[in-house]
Student: 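Questions regarding the structure given below will be posed in turn.
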Amino acid sequence: MKTVVLKFGGTSVGNIDRIKNVARIIASYKKKKFGVIVVSSAISGSTNKLIKKTKELSNNFDPAEYDVLLSSGEQASCALIAGRLKHLGFKTRSWMSWQLPIITEGPYNSSRINKINKNKISNYIRSGGIPIITGFQGINLENRVTTLGRGGTDSSAIMLAKFFNAYSCHVYTDVNGVYTTDPRNHHKAKKIDKISYDEMLEMASLGAKVMQPTSVQDAKINNISFSVKSSFTKNEGTLITGNKKAFSDKIITGITSTKNDAKVTMIGVKDKPGVAASIFKPLSLNQINVDMVVQNISLNSKETDLTFTIKSEDLKKTEKTIKQNKKISFRKITYDNNVSKVSIIGVGMITTPGITYRMFQALASKNINIMVISTSEIKISVLISNKHIKKAIAVLHKEFKLD
Ligand code: ADP
Ligand code: ASP
Ligand code: MG
């Protein structure tokens, strides 16, 4: 029997009518004689509500308890889906991840699945049942519940598709697929029919919330093609695949932006060997992830100015770490929490000259100042003031003929 994995995101199970609708989608696959594995997120908003409670109780909530708490949302939505399918006459039941089990490794809050025990689910499917499995969670070797990072049900779906050698994997969400840019930010965004793992990975990592970055990495490593589609419409969706034919004929495939970056600028840092290491080592020891970095040599070449970006949630910790760092001296430091990173992504830029220039020119034509630049083989990112985000996306979308 061919098995399909169906993943439903938070908004797809967001209310009673939507849960009924999800049950109809599941039933349609079952009627086509597929073995069906369902994996669901928590009802939209419920994970955020739980996180808020932990923050009210402690600014350092125990990570293991945090995972026990957060994983509870998925238990509820899976029971609701299974209850509805039972009502419709199907053989079905919910499965918590520990009941399989789904084994994870790595730290609490951002664990990764490394093994799924198939036996119980395979037998259940063979007996005609539809398992409804909690996304976003697993258990570790200490037998404790873990979670996979925000949006982690995407990873659960990809890894279920891998371990069950699924015929296909469909990620149902609240938009028709992956778009050239977030359709909620730009009305001219166009749905992409097919996209490569590499481009999807860059888009997800650079702010396209539609897929969790880790899940795309899992898909790429294990060569699991999957589709992203809407649970509200019958639209075809987007295929994410390693197949070369998926490469678009456009130079730029997508544009992304981030919301939660912050910029730190240190002016007049004494310039001597090892200075950058003495700044960044304590940051990394405090789990602060530094993203973009630029360093300018000052005119007398004894001092340098250093700018770098971090997540805004790490800003306070960064300020504290720099203050406590006795190994560096500088004249002045400034922090800016109102910045965003805008990126253009596309494998086409490898073979097409002049993309950087076109990007900068387009932004300049709208008087948008670029603060920091970073590039890789298939993306160019710039840091700009976040008040210009919409304007920047619109002008780049037009410049690279995505409108
Ligand atoms: P789910 O709850 O189904 O996991 P998410 O909220 O995590 O859904 O992801 C879907 C959202 O991602 C969409 O509502 C959309 O606003 C956002 N998004 C951001 N960038 C893109 C993009 N390039 N294409 C499609 N959606 C995007
Ligand atoms: N419920 C989790 C979250 O909100 C996991 C998911 O939705 O994929 O992050
Ligand atoms: Mg999601």
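Counting starts at 1 for both ligands and their atoms, following the listed order.
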Student: Tell me, please: is G254 in heavy-atom contact with ligand 1, that is, under 4.0 Å?
Tutor: no
Student: Check each atom of ligand 1 against the heavy atoms of Y179 and keep those under 4.0 Å away; list them by number with element.
Tutor: 22 (C), 23 (N), 24 (N), 25 (C)
Student: Could you tell me which atoms of ligand 1, counted from 1 in the order shown, lie closer than 4.0 angstrom to a heavy atom of R184?
Tutor: 13 (C), 14 (O), 15 (C), 16 (O)
Student: Find the distance between CG (D62) and OH (Y108) and round it off to the nearest 0.5 Å.
Tutor: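 Rounded to the nearest 0.5 Å, the CG-OH separation comes out at 8.0 Å.
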Student: Is there a polar contact, in the sense of an N or O pair closer than 3.5 Å, between S41 and ligand 2?
Tutor: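 S41 vs ligand 2: N/O contact under 3.5 Å present.
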Student: So, is A208 polar-close to ligand 1, with some N/O to N/O distance under 3.5 Å?
Tutor: no
Student: Within a reach of under 6.0 Å around CD of E377, are more than 12 heavy atoms found that belong to other residues, nucleotides or ligands?
Tutor: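 Result for CD/E377: open.
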Student: Only one of C169, S41, S156, S231 clears side-chain contact (heavy atoms from CB on, under 4.5 Å) with K7; which?
Tutor: S41
Student: Under a 4.0 angstrom heavy-atom cut-off, which atoms of ligand 1 come close to G177?
Tutor: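 Close to G177: 24 (N), 25 (C).
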Student: Just to be sure I'm reading this right: ignoring hydrogens, which of D182, V178, T181 gets closest to atom 18 (N) of ligand 1? Compare them by their nearest heavy atoms.
Tutor: D182
Student: At the 4.0 Å heavy-atom cut-off, does G152 count as touching ligand 2?
Tutor: yes
Student: Just let me know how K209 lines up against ligand 1, side chain, backbone, both or neither, with a heavy-atom cut-off below 4.0 Å.
Tutor: both
Student: May I ask you to check whether E74 has an N/O atom sitting below 3.5 Å from an N/O atom of ligand 2?
Tutor: yes
Student: With atoms numbered from 1 as shown, which atoms in ligand 1 lie under 4.0 angstrom from a non-hydrogen atom of K7?
Tutor: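 Those of ligand 1 that fall under 4.0 Å from K7 are 4 (O).
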Student: Would one find an N or O of F136, backbone or side chain, under 3.5 Å from an N or O of ligand 2?
Tutor: no
Student: Does only the side chain of T47 get under 4.0 Å from ligand 2, or the backbone, or both, or neither? Count heavy atoms.
Tutor: side chain
Student: Give a yes or no on whether a salt bridge exists between D174 and R18, defined as a side-chain N under 4.0 angstrom from a carboxylate O.
Tutor: no
Student: Provide, to 0.1 Å, the distance between atom 9 (O) of ligand 1 and the closest protein heavy atom, together with that atom's residue and name.
Tutor: V210 CA, 3.5 Å
Student: Is the closest basic N to carboxylate O distance between K341 and D291 below 4.0 Å?
Tutor: yes
Student: Is it true that atom CD of Q295 has more than 12 heavy atoms of other residues, nucleotides or ligands lying nearer than 6.0 Å?
Tutor: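 Atom CD in Q295 is crowded, with more than 12 foreign heavy atoms closer than 6.0 Å.
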Student: Which word best sums up how the rings of F308 and F280 line up, parallel for under 30°, tilted for 30 to 60°, or perpendicular for over 60°?
Tutor: perpendicular
Student: Which atoms form the tightest heavy-atom contact between S111 and T146, and what is the distance?
Tutor: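 Residues S111 and T146, closest heavy atoms: OG-CB, 3.5 Å.
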Student: How close do E74 and S40 get, counting heavy atoms only, and between which atoms?
Tutor: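 So the minimum-distance heavy-atom pair works out to CG-O, 3.3 Å.
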Student: Which atoms of ligand 1 sit under 4.0 Å from any heavy atom of M203?
Tutor: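 It comes down to these atoms of ligand 1: 23 (N).
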Student: Check each atom of ligand 1 against the heavy atoms of D174 and keep those under 4.0 Å away; list them by number with element.
Tutor: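 Those qualifying, in numeric order: 10 (C), 11 (C), 13 (C), 14 (O).
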Student: Which atoms of ligand 2 have any heavy atom of G151 under 4.0 Å away?
Tutor: 3 (C), 5 (C), 6 (C), 8 (O), 9 (O)
Student: Which pair of heavy atoms, one from I344 and one from M349, lies closest together, and at what distance?
Tutor: O-CE, 3.6 Å
Student: Let me confirm one number: the OH-CZ distance from Y66 to F61, rounded to the nearest 0.5 Å.
Tutor: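 That separation rounds to 9.5 Å.
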Student: Heavy-atom distances under 4.0 Å decide this one: backbone, side chain, both or neither, for A189 against ligand 1?
Tutor: neither
Student: Using a 4.0 Å heavy-atom cut-off, which part of T173 comes near ligand 1: side chain, backbone, both, or neither?
Tutor: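 For T173, the contact with ligand 1 is made by both the backbone and the side chain.
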Student: Using every non-hydrogen atom in the two residues, find where A204 and P213 come nearest and quote the distance to one decimal.
Tutor: O-CG, 3.6 Å
Student: Considering only the protein, which heavy-atom contact is closest to atom 4 (O) of ligand 2, and what is its distance?
Tutor: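 Checked against all protein heavy atoms, atom 4 (O) of ligand 2 sits closest to R150 NH2, 2.9 Å.
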Student: Do the side chain of K317 and the main chain of N286 share a donor and acceptor less than 3.5 angstrom apart?
Tutor: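 A pair under 3.5 Å: yes.
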Student: Where is the nearest protein heavy atom to atom 2 (O) of ligand 1: which residue, which atom, and how far?
Tutor: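 Nearest neighbour among protein heavy atoms for atom 2 (O) of ligand 1, to 0.1 Å: G10 N, 3.0 Å.
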